[in-house]
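Just below is one structure, and these are the notes that go with it.
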Amino acid sequence: MGYSSDGLPHVGQVPGQEGQYVLAGFTGHGMPQIFLAAEGLAKMISLGKSFEEAGLPRLFKTTQARIDAKGIKIFDSAPGLEDS
Amino acid sequence: MKGARGCFTYDAGHIWAYKFVLHLLEKVVAEGVNLQTHTPVSNIHKTTDPASAHRWQVDTSRGSIAAKVVVLATNAYIPALAPQYTGTIIPVRGTCCRIAVPPGSSAPTLTNTYTLRWGGWDFDYLIPRGDGSIIVGGARSAFIHDLKSWYNVSDDSQVLESAVRYFDAYMQHNFVGWESSQAYTDQVWTGSEFSLNFSQICAHRR
């Protein structure tokens with residue numbers, strides 16, 4: 001599984017890399033999210049829509065701020081690992 | 001279920017992910033898409049060919065291709081090709097098994113998928129198959145305390161040894177009517193979770 005450090009998927013154009021896109025980090029919940037996430041990304045690529053126009057949840061947008069952010073939220077759902 | 005303290009139900013579905021993906025690939029290949037398997041990408045970089053009309057050069061074990069657009073969809077393996085995602089996208093190992101009933105034995109027919117929630121962070125998910133076998137995944141209590149066995153682990157060719165025993169007599173312990181079924185763990189593997197909630201998907205359809 002590809003876990004995301006903040007628990008949310010990374011979808012959209014890779015920051016700073018025009019023509020490169022990412023669709024990843026579903027943190028064990030890919031099955032219910034991947035179909036519409038992929039459809040939204042396909043609209044961005046094939047129809048030239050922006051992330052905001054593609055019907056994707058705004059929190060899924062991959063951003064430089066999210067890449068730079070420290071802190072791993074997934075330990076919130078595991079016992080005794082908060083100090084790891 | 002034995003020892004259940006509570007229960008609620010909702011519409012859900014399940015899908016055989018591998019079969020589904022193969023059907024999708026069959027369709028896109030029939031549409032003319034060029035599919036190349038067993039061709040791992042080693043590097044993606046801006047093209048160094050001044051004559052190329054395409055921005056990206058994708059190097060693989062079988063040669064390089066030029067691309068206008070690249071989509072990174074390899075999930076846990078993305079940091080290898082996009083190092084800026086190291087520590088942002090983290091490979092995590094989970095575990096799943098198939099439980100079978102030997103010929104001649106019988107067991108109750110399960111018609112629902114299940115989540116067995118043991119606590120805030122601990123749950124298993126279960127899918128009955130048409131052939132009477134049961135897919136169970138989770139087993140977190142067996143390995144979650146050993147961080148290096150599952151966190152930042154991208155090698156899913158190895159099973160989580162600590163989890164293998166977790167599934168022993170799982171159905172006999174947890175489900176009423178399975179005590180004499182002789183159900184046994186047929187296979188254990190690592191990989192992704194199977195839980196699927198169709199009601200969430202349908203709510204988005206227009």
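Keep in mind that what you see is a predicted model, and the values were worked out from it rather than measured. Convention: sequence-line order gives letters A, B, ...; per-chain numbering from 1.
Among the candidates A:G19, A:A38, A:G2, A:G30, the residue making the largest number of heavy-atom pairs closer than 4.5 Å to chain B is A:G19.
Taken from CD1 in B:I89 to OG1 in A:T62, the straight-line distance is 7.0 Å, to the nearest 0.5 Å. Expressed to the nearest 0.5 Å, how far NE2 of A:H10 lies from OH of B:Y85 amounts to 6.5 Å.
Taking every heavy atom of both residues into account, B:I78 and A:A24 meet most closely at CD1-CB, 3.2 Å. For B:T88 against A:I67, the heavy-atom pair with the smallest separation is OG1-O, 3.3 Å.
Using a 4.5 Å cut-off on side-chain heavy atoms (C-beta onward), A:Y21 and B:V70 make no contact. A:S5 has its side chain within reach of B:I90: a pair of non-hydrogen atoms, C-beta onward, lies under 4.5 Å apart. The shortest distance between side-chain heavy atoms of A:M1 and B:N75 does not fall below 4.5 Å. Using a 4.5 Å cut-off on side-chain heavy atoms (C-beta onward), A:M31 and B:F20 make no contact. Between B:V71 and A:V22 there is no side-chain heavy-atom pair separated by less than 4.5 Å. Under the 4.5 Å side-chain criterion, counting only non-hydrogen atoms from C-beta, B:R55 is not in contact with A:Q17.
By the ring-ring contact (aromatic ring centres under 6.0 Å, His included) test, B:F167 is found to be paired with no residue, residues two or more places apart in sequence or in another chain being considered.
With a 4.5 angstrom heavy-atom cutoff, A:E18 touches chain B via backbone and side-chain atoms both. Contact annotation for A:I34: neither backbone nor side-chain heavy atoms come within less than 4.5 Å of a heavy atom of chain B.
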